[in-house]
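See structure below.
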There are 2 protein chains.
Amino acid sequence: MELKPLEALKLWHDVVLDTVRRDVPDLSARQLAILLTVYLESPPHTVRGLAAKLKVSKPAITRALDTMGQKDLLKRKRDETDKRNVLVQRTVNGSVYLSELADTIIARAQEHSSS
Amino acid sequence: MELKPLEALKLWHDVVLDTVRRDVPDLSARQLAILLTVYLESPPHTVRGLAAKLKVSKPAITRALDTMGQKDLLKRKRDETDKRNVLVQRTVNGSVYLSELADTIIARAQEHSSS
DNA sequence: CCCAACCGTTTCGGAGCCGATTTAGTCTAA
DNA sequence: TTAGACTAAATCGGCTCCGAAACGGTTGGG
């Protein structure tokens, strides 16, 4: 995939504009980073691990999991082999959300390549 | 530019992760949308126009201009032909910021195309 | 001349997120 | 068995942002 600076920014502009406009559900950059990490990288995903990866505090991860859990984009599960850990797992709803995001990105990317 | 769903999400993941980690300067999705609109679309840009485009309230735009003005990413200018209007204009600093964002996107995109 | 319409900003109460610290539960090694 | 290490979650005060409504300044038509 080759991309020139102006094309890259236009792509970013269109997609960000889309996500801002359809206000439901509005995820912060941090929340989106968590969601994408859980769905794209290999498990297991713990609070501590995510905090280290994003370089933010653990409570920030816990709160993000709370809000995203309410929206059913992600779910918690106790690690039965070590009950101190919480494993972050995917949901059907979260898959749908990211699938739609991917569709948006692809659609916008094609618009720019054709122009 | 052709892009498969998984590649699109990986690209988004990497870039979002980059922006979350280097916390300075941290722009919300809304602020980034404003910044990109001002730099990519043809002027003039007014508060009212930006609010309509992003589908958010006018005070939200005013506040975003305050914070981004402090960071010297954007500047206000009174419209001399109609002093009710405020024109949003670009700055050198803002150009640099977006240029670096474009570099990040392009670098990540190339990584994925080579893999 | 004036008043209605328009502009961006400010005020207001409410909601959400922040990091640091504390709490409660679990595991492990001596 | 027990003390200490380690986990995630709960608490705390402080900060930022939110939209609705109110506000002052500007414009243009009647």
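Just so it is clear, the values below take in all heavy atoms, side chains as well, and ignore hydrogens, waters and symmetry mates. To find a chain, count down the sequence lines: A is the first, B the second, and so on, and within it residues start at 1.
Picking from D/dG25, C/dC17, D/dG19 the nucleotide with the shortest atom distance to the side chain of B/Arg84 gives D/dG25. Each of D/dC17, D/dC18, D/dT11 was ranked by its minimum atom distance to the side chain of B/Ala60; first place goes to D/dC18.
Considering A/Leu9, A/Val16, A/Leu17 in turn, A/Leu17 is the only one that fulfils the side-chain contact (heavy atoms from CB on, under 4.5 Å) rule with A/His13.
You'll find the side chain of A/Ile34 reaches within 4.5 Å of the side chain of A/Leu74, heavy atoms only. You'll find the side chain of A/Arg76 stays beyond 4.5 Å of the side chain of A/Val88, heavy atoms only.
Residue contacts shown for A/Asp82 are limited to sugar-phosphate atoms, with no base heavy atom under 4.0 Å away. Using a 4.0 Å heavy-atom distance criterion, A/Lys83 is classed as a sugar-phosphate-only contact. The residue A/Arg48 sits close only to the backbone: its heavy atoms come under 4.0 Å of sugar-phosphate atoms, none of a base.
Put simply, CD1 on A/Ile61 is 14 Å from P on D/dT7, counting in whole angstrom units. Atom-to-atom, CG of B/Asp79 to P of C/dT9 comes out at 13 Å; the value is rounded to the nearest Å. The nearest whole Å value for the distance from the CZ atom in B/Arg76 to the C1' atom in C/dT9 is 8 Å. The distance between atom CZ of A/Arg30 and atom C1' of D/dC17, rounded to the nearest whole Å, is 15 Å. The distance from atom CG of B/Leu74 to atom C1' of C/dG8 is 15 Å, rounded to the nearest whole Å. One can place NZ of A/Lys58 at 8 Å from C1' of D/dC6, the figure rounded to the nearest angstrom. Spacing between atom CG of B/Asp66 and atom P of C/dT9 amounts to 7 Å, rounded to whole angstrom units. Between A/Leu50 atom CG and D/dT7 atom C1' there is a gap of 14 Å when expressed in whole angstrom units.
For the residue pair B/Asp79 / B/Thr81, a side-chain donor-acceptor distance below 3.5 Å is found, with atom types taken as modelled.
Both A/Glu80 and B/Asn85 lie close to DNA chain C; mapped to their nearest nucleotides by heavy-atom distance, the more 5′-ward contact belongs to B/Asn85.
Between A/Arg78 and the phosphate of C/dG25, there is no side-chain N or O to OP1/OP2 separation shorter than 4.0 Å. Distances shown here put every side-chain N or O of B/Thr62 at or beyond 4.0 Å from the OP1 or OP2 atom of C/dG8.
With sequence neighbours left out, A/Glu41 forms a side-chain hydrogen bond (donor to acceptor under 3.5 Å, both in side chains) with A/Lys53.
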